[in-house]
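The structure appears right after this line, and notes come after that.
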Amino acid sequence: RKEVEQDPGPFNVPEGATVAFNCTYSNSASQSFFWYRQDCRKEPKLLMSVYSSGNEDGRFTAQLNRASQYISLLIRDSKLSDSATYLCVVNIDTGRRALTFGSGTRLQVQP
Amino acid sequence: ETGVTQSPTHLIKTRGQQVTLRCSSQSGHNTVSWYQQALGQGPQFIFQYYREEENGRGNFPPRFSGLQFPNYSSELNVNALELDDSALYLCASSTGGVETQYFGPGTRLLVL
C-alpha cells in the first residue's frame with residue numbers, strides 16, 4: 001500500500017467550476033501536510049500547508065482529518081491557469097525529515 | 001523563482017555509466033534534499049544533507065551517493081546506471097526544518 005494515495009484523475013472541469021481533490025495517508029505518525037502544484041515538465045511548488053483547523057488561501061481551501069488520515073483541497077472558481085498536477089505531501093517524522101509525495105492528481109480546466 | 005539551481009538541465013547516458021548532478025541551494029539554506037521523479041509518479045526521497053552530513057536516506061541502493069560542500073551546494077552521484085534510473089532528479093533546499101522545501105528546476109536524465 002502506498003504511503004500517500006491520490007486519485008490520478010484527470011479531472012476535466014469548465015472554467016468557474018469548483019473541484020475537490022482528496023488524499024489519504026497510511027502512517028498515523030505523519031506530522032506535517034502540504035499541497036504542492038506541479039506544472040508539466042516543471043518542479044513542484046508549494047501551494048499551501050495544511051493544518052488541522054483547516055486553512056484558506058484565496059480560492060484554495062485545505063482540510064486535514066487526522067482521525068481518518070485524510071487531506072483535501074478545494075479549488076473554487078477554477079481558472080485556466082489552475083491546470084496542473086496537484087501533489088499531496090506528508091512529512092513522516094521518523095528522523096528522515098523527508099517529504100513523502102502522492103502520485104498527484106491532474107487537473108485540466110477547460111474554457 | 002526559488003533561487004535553487006541545478007545542472008545540467010538534461011543528460012543522456014548509457015547503461016553502466018556514472019553521472020554527477022549538481023545543486024546550488026537558496027541563500028541562507030543549509031539543507032539539501034534529493035528526489036527522483038519517474039514519469040507519472042510523485043517525487044521519491046533519495047537522501048538529505050544537513051551541514052555537510054547525510055541526514056536521512058530513502059529506499060535507494062548504495063550506488064546513489066552524494067555530498068554537500070561548505071557553501072551548502074550538493075552533488076548526487078549515480079554509479080552503474082540502469083534503464084530505470086531515467087527520471088527527473090530534483091533537489092530541494094530548506095533551513096533544516098521540513099516545513100518548507102524549495103525545489104530547483106530539476107535535471108532530466110535519460111539512460112539508454
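Just so it is clear, the model here is predicted, and its values are computed rather than measured. Order of the sequence lines fixes the chain letters, A, B, ..., with proteins taken first and strands second; residue numbering starts at 1 for each chain.
A/R41 touches chain B through backbone and side chain together, each having a heavy atom under 4.5 Å away. Using a 4.5 Å cut-off between heavy atoms, A/Q38 touches chain B through its side chain atoms alone.
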Got a list of side-chain donor-acceptor pairs under 3.5 Å for residues 102-112 of chain B, not counting sequence neighbours?
| from | atom 1 | to | atom 2 | distance (Å) |
| --- | --- | --- | --- | --- |
| B/T107 | OG1 | B/P8 | O | 2.5 |

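For B/L83, the CG atom counts as densely surrounded, since its 6.0 Å shell holds more than 12 non-hydrogen atoms of other residues, nucleotides or ligands. Residue B/R15 places its CZ atom among 12 or fewer non-hydrogen atoms of other residues, nucleotides or ligands, all under 6.0 Å distant. For A/R106, the CZ atom counts as loosely surrounded, since its 6.0 Å shell holds 12 or fewer non-hydrogen atoms of other residues, nucleotides or ligands. The local environment of CD in B/Q44 is sparse, with at most 12 non-hydrogen atoms from other residues, nucleotides or ligands closer than 6.0 Å.
The CG atom of A/L87 lies 6.5 Å from the CD atom of B/Q37; values are rounded to the nearest 0.5 Å.
Judged by distance alone, the side chain of B/Y35 and the main-chain N or O of A/L99 form a donor-acceptor pair under 3.5 Å.
Counting heavy atoms from C-beta on, the side chains of A/Y36 and B/Q101 come closer than 4.5 Å.
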